[in-house]
Undergrad: 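This is the structure, below, for whatever I ask next.
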There are 2 protein chains.
Amino acid sequence: MTDTRFKSWQSVQEEVLARIHSRKWKPGDFIPNEADLAQEFGCARATVNRALQNLADEGLLDRRRKAGTRVATHPVRKATMYIPIIRQEIRDRGLEYGYELIRSEKVMPPREIGKSMGSGKRIDVLHIVCLHTADGRPYVLEDRWLNPKWVSREDFSIFSDTSPNEWLVTHVPFTEGNIVFSAISAGKTEAELLSCKEGDALFVIDRTTRDKQETITSVRLTFFPGYRIETTI
Amino acid sequence: MTDTRFKSWQSVQEEVLARIHSRKWKPGDFIPNEADLAQEFGCARATVNRALQNLADEGLLDRRRKAGTRVATHPVRKATMYIPIIRQEIRDRGLEYGYELIRSEKVMPPREIGKSMGSGKRIDVLHIVCLHTADGRPYVLEDRWLNPKWVSREDFSIFSDTSPNEWLVTHVPFTEGNIVFSAISAGKTEAELLSCKEGDALFVIDRTTRDKQETITSVRLTFFPGYRIETTI
DNA sequence: TCAAATATTATGTATATACATATGTAGCAC
DNA sequence: GTGCTACATATGTATATACATAATATTTGA
């Protein structure tokens with residue numbers, strides 16, 4: 001088999017994938033080691049390494065030093081979701097993007113949000129509620145809390161015509177954060193702002209951005225009924 | 001700065017991240033090219049390349065040949081979600097996993113599902129409805145359609161005590177697929193099976209697994225009210 | 001002036017080599 | 001058999017070198 005030549009790590013990856021799909025290598029099976037594969041494919045071990053490491057990253061292979069490489073038994077564990085940049089997502093659908101500021105205030109936040117923003121004690125926090133529309137119809141409701149340490153009062157005023165998200169990405173450093181997907185039932189407020197019925201099921205993304213434990217911003221995006229987020233694996 | 005030595009691609013990556021966080025390199029900025037960074041860090045270009053490529057994979061850098069590397073303006077575009085392996089997820093929460101087969105039949109599927117399974121014409125398809133429970137309480141409702149080309153009648157019978165998912169991952173090859181997250185309002189059936197109220201908002205994962213255009217299996221997972229799926233970025 | 005051809009350049013990748021690191025296995029002592 | 005140690009081995013990574021590729025920049029030619 002040494003005659004079959006694989007010149008790139010991509011082609012090696014394809015061949016490995018093909019063998020998994022054809023069940024020549026079944027879930028749970030050990031596959032040959034890198035050195036052997038390199039010889040079989042007629043390429044350097046580094047090339048095989050790149051291919052296998054990439055497949056392992058994607059969750060299709062399990063690799064351990066000394067033990068070897070095996071086909072993952074639960075291959076569909078990871079899914080990379082592309083969190084929408086709202087303006088762009090709406091434009092991509094061929095609709096006209098609109099932005100509407102609904103509320104902008106500096107108030108005492110809910111306990112859990114305040115806790116991670118002040119240095120222990122609760123302080124007033126910038127609060128923005130705005131609506132993104134597609135062809136004039138409500139698309140997503142953005143409810144955001146901003147740590148005043150990161151956003152000054154004068155900056156705050158610009159949100160009358162700029163989405164806080166767009167401003168943030170270019171003005172605030174980022175470190176870690178987390179994202180939560182869930183479903184909620186539309187309350188009175190959501191129903192009114194999103195022009196839907198009370199009790200409608202709404203898809204929600206909660207995102208928190210932190211810089212060393214301290215929350216920079218916390219946002220809830222509540223989408224119109226029927227919204228779905230998709231990915232291909 | 002050549003004296004500061006970075007021995008591993010991870011340490012290079014950390015340093016690059018630090019510079020992004022500290023806003024030394026701001027979103028949209030070009031960063032020095034690999035060769036220069038390699039010299040500054042006192043390592044090989046390949047090492048820098050590995051670090052930068054990894055950051056680009058994660059969406060923090062934008063790279064283009066000849067043009068160079070710049071800090072991404074919209075860093076939080078990707079989120080890798082770990083699709084739960086139900087049995088495991090329940091166990092991880094310290095609860096006891098339970099499985100209950102609710103329905104198992106061979107019937108004409110809904111139009112869109114049937115279309116991608118038969119070779120053009122609509123055929124009978126295996127249909128399974130089952131419930132996964134945590135400490136006896138409904139956790140997720142699994143509604144699955146299986147292409148009979150991949151699952152024979154005798155295999156079918158095993159689902160009385162084995163989740164189709166567990167069986168599938170070790171017996172069926174996989175190629176591509178897609179995953180959709182959405183929210184639905186509990187209908188009469190869901191309310192009954194998940195022991196919740198009609199109209200409750202439920203988080204839903206729809207997953208389709210294909211082998212070259214042809215659908216192998218299509219599943220809808222409907223979770224108990226309040227379920228959330230989280231990831232850290 | 002503008003478009004086509006060409007040069008330049010940053011990233012992308014392949015290679016051989018060397019060594020690091022984790023970890024399974026075997027051998028040993030008790 | 002149990003537990004410790006030493007060893008073997010597969011993956012992980014760093015390096016220098018070389019060339020590929022894509023895309024910008026520059027020069028050339030009409």
Side-chain angles (χ1 to χ4, degrees), chain A residues 1-17 19-20 25-73 75 78, chain B residues 1-17 19-20 25-73 75 78:
Chain A
M1 273 275 191
T2 319
D3 47 352
T4 347
R5 297 244 140 207
F6 294 88
K7 294 178 301 187
S8 68
W9 68 267
Q10 287 94 335
S11 65
V12 170
Q13 180 171 320
E14 269 171 44
E15 174 61 18
V16 171
L17 267 177
R19 291 186 187 187
I20 295 175
W25 294 338
K26 294 187 266 299
D29 284 2
F30 277 103
I31 73 172
N33 70 44
E34 294 185 350
D36 290 351
L37 285 176
Q39 192 172 9
E40 183 188 335
F41 292 155
C43 66
R45 183 169 78 90
T47 308
V48 174
N49 181 278
R50 181 90 151 82
L52 298 188
Q53 235 172 61
N54 201 46
L55 288 171
D57 272 355
E58 289 167 17
L60 275 83
L61 294 176
D62 284 333
R63 322 191 74 204
R64 274 169 71 202
R65 278 171 165 154
K66 163 69 183 175
T69 301
R70 53 168 69 194
V71 181
T73 45
K78 285 201 221 175
Chain B
M1 273 276 190
T2 318
D3 47 351
T4 346
R5 297 244 140 207
F6 294 87
K7 295 178 297 186
S8 69
W9 69 266
Q10 287 95 336
S11 64
V12 170
Q13 179 171 322
E14 269 172 43
E15 174 62 18
V16 171
L17 268 177
R19 292 186 186 185
I20 295 174
W25 295 339
K26 293 187 268 296
D29 283 2
F30 278 102
I31 73 172
N33 70 44
E34 293 184 350
D36 291 350
L37 285 176
Q39 193 173 7
E40 183 188 337
F41 293 153
C43 66
R45 183 170 79 87
T47 308
V48 175
N49 181 277
R50 180 88 149 83
L52 298 188
Q53 237 174 56
N54 201 46
L55 288 171
D57 272 355
E58 289 167 17
L60 273 84
L61 294 176
D62 284 333
R63 321 191 75 204
R64 275 168 67 203
R65 278 170 164 155
K66 164 71 184 173
T69 301
R70 53 168 69 195
V71 181
T73 46
K78 285 200 222 174

Undergrad: Collect all protein-nucleotide pairs involving nucleotides 3-5 of chain C in which both atoms are nitrogen or oxygen and the distance is under 3.5 Å.
TA:
none

Undergrad: OP1 or OP2 of C/dA10 less than 4.0 angstrom from a side-chain nitrogen or oxygen of B/Thr69, does that happen here?
TA: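 No.
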Undergrad: Applying side-chain contact (heavy atoms from CB on, under 4.5 Å) to A/Lys26 and A/Thr73, what does each step give before you reach the verdict?
TA: CA-CA 8 Å; A/Lys26 294 187 266 299; A/Thr73 45; over 6 Å; no
Undergrad: Please report the distance, rounded to the nearest Å, between CG in A/Asn49 and C1' in D/dA14.
TA: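 The distance from CG of A/Asn49 to C1' of D/dA14 comes to 12 Å, rounded to the nearest Å.
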Undergrad: Could you give the CD-to-P distance, from A/Gln13 to C/dA14, as a whole number of Å?
TA: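 Value for this atom pair: 11 Å.
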Undergrad: For A/Ala67 and A/Ala46, take the nucleotide of DNA chain D holding the closest heavy atom to each; which residue's nucleotide lies nearer the 5' end?
TA: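 Nearest nucleotide further toward 5': that of A/Ala67.
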Undergrad: Checking contacts here: which listed nucleotide (D/dT13, C/dT13, C/dA16) is nearest the side-chain heavy atoms of A/Trp9?
TA: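 Looking only at heavy atoms from C-beta outward on A/Trp9, the closest nucleotide is C/dT13.
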Undergrad: Using a heavy-atom cut-off of under 4.0 Å over every strand shown, decide if B/Arg64 touches base, sugar-phosphate, or nothing.
TA: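 Sugar-phosphate contact only.
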Undergrad: To the side chain of B/Ser8, which of D/dT13, D/dA14, C/dT15 is closest?
TA: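 Nearest to the side-chain atoms of B/Ser8, counting from C-beta on, is D/dA14.
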Undergrad: Nearest to the A/Lys66 side chain among C/dT11, D/dT11, C/dT23, which nucleotide is it?
TA: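 The nucleotide sitting nearest to the side chain is C/dT23.
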Undergrad: Which one, C/dT13, C/dT15, D/dT13, comes nearest to the side chain of A/Gln10?
TA: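 Within the option list, the nearest is C/dT13.
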Undergrad: Side chain of B/Arg65 only, please: which of D/dT21, D/dA18, C/dT15 is the nearest?
TA: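 Among D/dT21, D/dA18, C/dT15, the one nearest the side chain of B/Arg65 is D/dT21.
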Undergrad: Looking at CZ of B/Arg64 and CZ of B/Arg70, how far apart are the two atoms once the value is rounded to the nearest 0.5 Å?
TA: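 Result: 8.0 Å between the selected atoms.
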Undergrad: Look up atom CG in B/Leu52 and atom CD in B/Glu34, then write down how far apart they are to the nearest 0.5 Å.
TA: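 So the gap between those two atoms works out to 5.5 Å.
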Undergrad: Quickly work out the B/Asp62 CG to C/dA10 P distance and round it to whole Å.
TA: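 Rounded to the whole Å, the gap is 18 Å.
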Undergrad: Let's see if you can work this out: which of C/dT13, D/dG12, C/dT15 has an atom nearest to the side-chain heavy atoms of A/Arg63?
TA: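 That would be D/dG12.
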Undergrad: Heavy atoms only, 4.0 Å cut-off, all strands: where does B/Arg50 land among base, sugar-phosphate and nothing?
TA: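 If one applies the 4.0 Å heavy-atom cut-off, B/Arg50 turns out to touch the sugar-phosphate alone, with no base involved.
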Undergrad: Of the options A/Val16, A/Leu37, A/Asn33, A/Asp36, which is the one that meets A/Val48 in a side-chain contact (heavy atoms from CB on, under 4.5 Å)?
TA: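 That would be A/Leu37; it is the only one of A/Val16, A/Leu37, A/Asn33, A/Asp36 passing the side-chain contact (heavy atoms from CB on, under 4.5 Å) with A/Val48.
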Undergrad: Assess whether side-chain contact (heavy atoms from CB on, under 4.5 Å) is satisfied between B/Ile31 and B/Val71, documenting all intermediate values.
TA: CA-CA 7 Å; B/Ile31 73 172; B/Val71 181; 4.0 Å; yes
Undergrad: Do A/Leu61 and A/Ile20 have side chains that get closer than 4.5 Å, going by heavy atoms?
TA: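 They are in contact (side-chain heavy atoms under 4.5 Å apart), so the answer is yes.
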Undergrad: Round to the nearest Å and state the distance from A/Phe41 atom CZ to C/dA14 atom P.
TA: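 Answer to the nearest Å: 13 Å.
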Undergrad: How long is the line joining CZ of B/Phe30 and P of C/dT9, in whole Å?
TA: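 Between P of C/dT9 and CZ of B/Phe30: 16 Å.
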Undergrad: Quick one: B/Asn54 CG to C/dT11 P, roughly how many Å, whole number?
TA: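 From B/Asn54 CG to C/dT11 P: 16 Å.
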Undergrad: To the nearest Å, give me how far apart CD (B/Gln53) and P (D/dT13) are.
TA: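 Going from B/Gln53 (CD) to D/dT13 (P), I get 14 Å.
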Undergrad: Using OP1 and OP2 only, check whether a side-chain N or O of B/Thr47 sits under 4.0 Å from D/dT15.
TA: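 B/Thr47 to D/dT15 OP1/OP2: side-chain N or O found under 4.0 Å.
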Undergrad: With a 4.5 Å heavy-atom cut-off, do A/Gln13 and A/Thr47 have their side chains touching?
TA: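 Result no, sub-4.5 Å side-chain heavy-atom pair not found.
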Undergrad: Could you check how far CZ of A/Arg45 sits from P of D/dT9, rounded to whole Å?
TA: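 One finds 14 Å between P of D/dT9 and CZ of A/Arg45, rounded.
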Undergrad: List the steps, then state whether side-chain contact (heavy atoms from CB on, under 4.5 Å) holds for B/Asp62 with B/Thr69.
TA: CA-CA 6 Å; B/Asp62 284 333; B/Thr69 301; over 6 Å; no
